[in-house]
Amino acid sequence: MKPVRKAVLPVAGLGTRVLPGTKTVAKELLNVVDRPILSYVVAEARAAGIEHFVFVTGRGKGAIEDYFDHHIELEAQLKAKGKTDLLEEILSELPKAGEMSFIRQMQPLGLGHAVWCARDVVGDEPFAVMLPDMLMEGPTPPLAQAVKAHEETQGNIIVVEPCPPGEAHKYGVVALESQSGRLNRMTGMVEKPPKGTEPSNLFISGRYVLEPEIFAILESQEKGAGGEIQLTDAMARLMKTRPFHALEYEGVTYDCGDKIGLLRANVALALKRPDLGAEARAAVEALLKA
Ligand code: UTP
């Protein structure tokens with residue numbers, strides 16, 4: 001079986017839940033502590049063995065390409081001022097030449113359409129999809145857990161997690177053949193099911209490993225929930241002929257596309273940082289007492 005070498009990162013959305021900042025700054029470049037959300041997601045992908053990153057971008061998102069390129073003046077300044085630690089940190093994030101591709105979606109018609117835009121660069125091999133506004137951490141990086149599950153099942157993997165009680169109708173939710181352990185064969189999935197009709201409390205949380213057959217299905221996929229071309233609808237069609245498993249991953253997700261999720265990510269990651277944790281804790285405690 002072919003290994004998972006490529007990851008598609010759709011970054012063409014408008015980020016309306018975190019406006020007005022996202023009017024001019026790509027949501028995926030908003031900082032969590034001191035680096036863009038995207039920086040964490042790319043590190044997670046590298047830890048899973050990803051060798052090629054396919055960004056699906058749109059108008060006003062050019063800064064994403066710039067983030068992963070040299071900044072000659074900045075690098076010269078840091079060098080001249082002897083700030084070698086910072087310089088090394090910045091250089092360590094740069095891709096090798098040819099490791100990243102950028103494709104324009106042109107119109108944000110939905111996640112399914114964004115993934116379809118990557119078809120020629122991905123080609124005929126299994127690939128990961130990572131929603132870059134979902135910052136995910138775990139004892140082993142969540143995408144690495146998904147890649148391992150793909151090796152075990154030789155099929156499509158959807159990473160899921162339990163949603164807070166009564167909230168399943170807000171998400172893409174999976175239906176399982178039976179539930180034992182963390183990796184279970186799926187029988188269906190539905191995007192934003194009407195309240196009371198949810199097939200489980202497990203929602204699709206932002207990491208997938210998909211077989212390339214999904215592209216032919218996306219080509220003819222009609223608009224679904226919210227008037228968008230939904231990846232969930234295309235996966236549900238592919239499931240009729242190919243196996244899908246839901247992986248309840250070990251770890252935690254911060255939905256950085258949401259105001260409170262972004263705040264949680266900033267606080268949680270600052271508290272965990274060896275260089276900032278103590279100061280961050282003191283600051284948060286002082287705020288809570290005020
Ligand atoms: P979201 O629905 O969370 O992103 O899509 P959004 O549309 O930017 O957010 P809101 O709801 O308006 O606040 C998940 C990911 O898919 C990308 C987004 O950039 C985001 O990273 N996406 C979404 C696309 O690339 N193209 C689309 O047409 C839609």
Side-chain angles (χ1 to χ4, degrees), residues 6-32 36-42 44-45 53-65 67-68 100-122 127-136 142-143 158-161 163 167 169-173 189-192 203-208 210 214-215 218-219 221-235 253-265:
K6 296 177 183 170
V8 174
L9 294 95
V11 292
L14 298 177
T16 55
R17 285 170 294 151
V18 280
L19 275 169
T22 43
K23 184 176 165 193
T24 50
V25 178
K27 167 172 73 171
E28 301 79 10
L29 289 182
L30 294 175
N31 258 13
V32 170
I37 303 160
L38 208 43
S39 160
Y40 296 92
V41 178
V42 167
E44 181 196 337
F53 299 82
V54 187
F55 292 90
V56 181
T57 76
R59 277 180 300 287
K61 300 269 181 160
I64 293 176
E65 281 180 64
Y67 184 79
F68 291 105
M100 288 186 174
S101 303
F102 295 86
I103 292 171
R104 293 284 276 236
Q105 190 186 12
M106 297 165 77
Q107 278 181 289
L109 298 179
L111 178 60
H113 181 259
V115 170
W116 180 70
C117 289
R119 65 199 178 281
D120 284 345
V121 181
V122 171
F127 64 103
V129 174
M130 306 177 80
L131 301 195
D133 49 355
M134 295 300 217
L135 201 165
M136 295 171 67
L143 188 66
I158 300 187
V159 173
V160 298
E161 63 185 285
C163 60
E167 302 231 325
H169 63 285
K170 294 184 186 166
Y171 299 95
V173 180
M189 67 192 104
V190 53
E191 190 62 44
K192 299 188 180 57
F203 75 95
I204 301 174
S205 59
R207 304 288 183 264
Y208 315 72
L210 298 175
I214 194 75
F215 291 124
L218 282 168
E219 183 135 20
Q221 188 59 49
E222 312 238 314
K223 287 180 180 166
E228 296 194 341
I229 298 174
Q230 297 285 355
L231 181 61
T232 309
D233 296 341
M235 292 190 301
T253 298
Y254 304 100
D255 180 359
C256 297
D258 168 85
K259 293 180 180 71
I260 297 298
L262 186 60
L263 178 66
R264 276 184 65 231

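One is the number of the first residue; the rest follow in order along the sequence. Start at 1 and go down the list; that is how both ligands and their atoms are numbered.
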Exercise. Can Glu44 and Arg207 be counted as an ion pair, charged N to O under 4.0 angstrom?
Worked result: yes
Exercise. Between the side chain of Lys6 and the main-chain N/O of Val121, is any donor-acceptor distance below 3.5 Å?
Worked result: yes
Problem set entry | Sequence neighbours excluded - salt bridge (Lys or Arg N to Asp or Glu O under 4.0 Å) pairs with any residue from residues 11-21 | Arg17-Asp133, Arg17-Asp255
Exercise. Side chain of Arg59, backbone of Met106: donor and acceptor closer than 3.5 Å?
Worked result: yes
Exercise. Between the side chains of Glu161 and Thr253, does any donor sit under 3.5 Å from an acceptor?
Worked result: yes
For this session: Keeping the roles fixed (side chain from Lys61, backbone from Gly13), state whether a donor-acceptor pair exists under 3.5 Å.
Result: yes
For this session: Non-hydrogen atoms closer than 4.0 Å to ligand 1: which protein residues do they belong to? List them by chain and number, please.
Result: Pro10, Val11, Ala12, Gly13, Leu14, Gly15, Thr16, Arg17, Lys27, Glu28, Gln105, Pro108, Leu109, Gly110, Leu111, Ala114, Pro132, Asp133
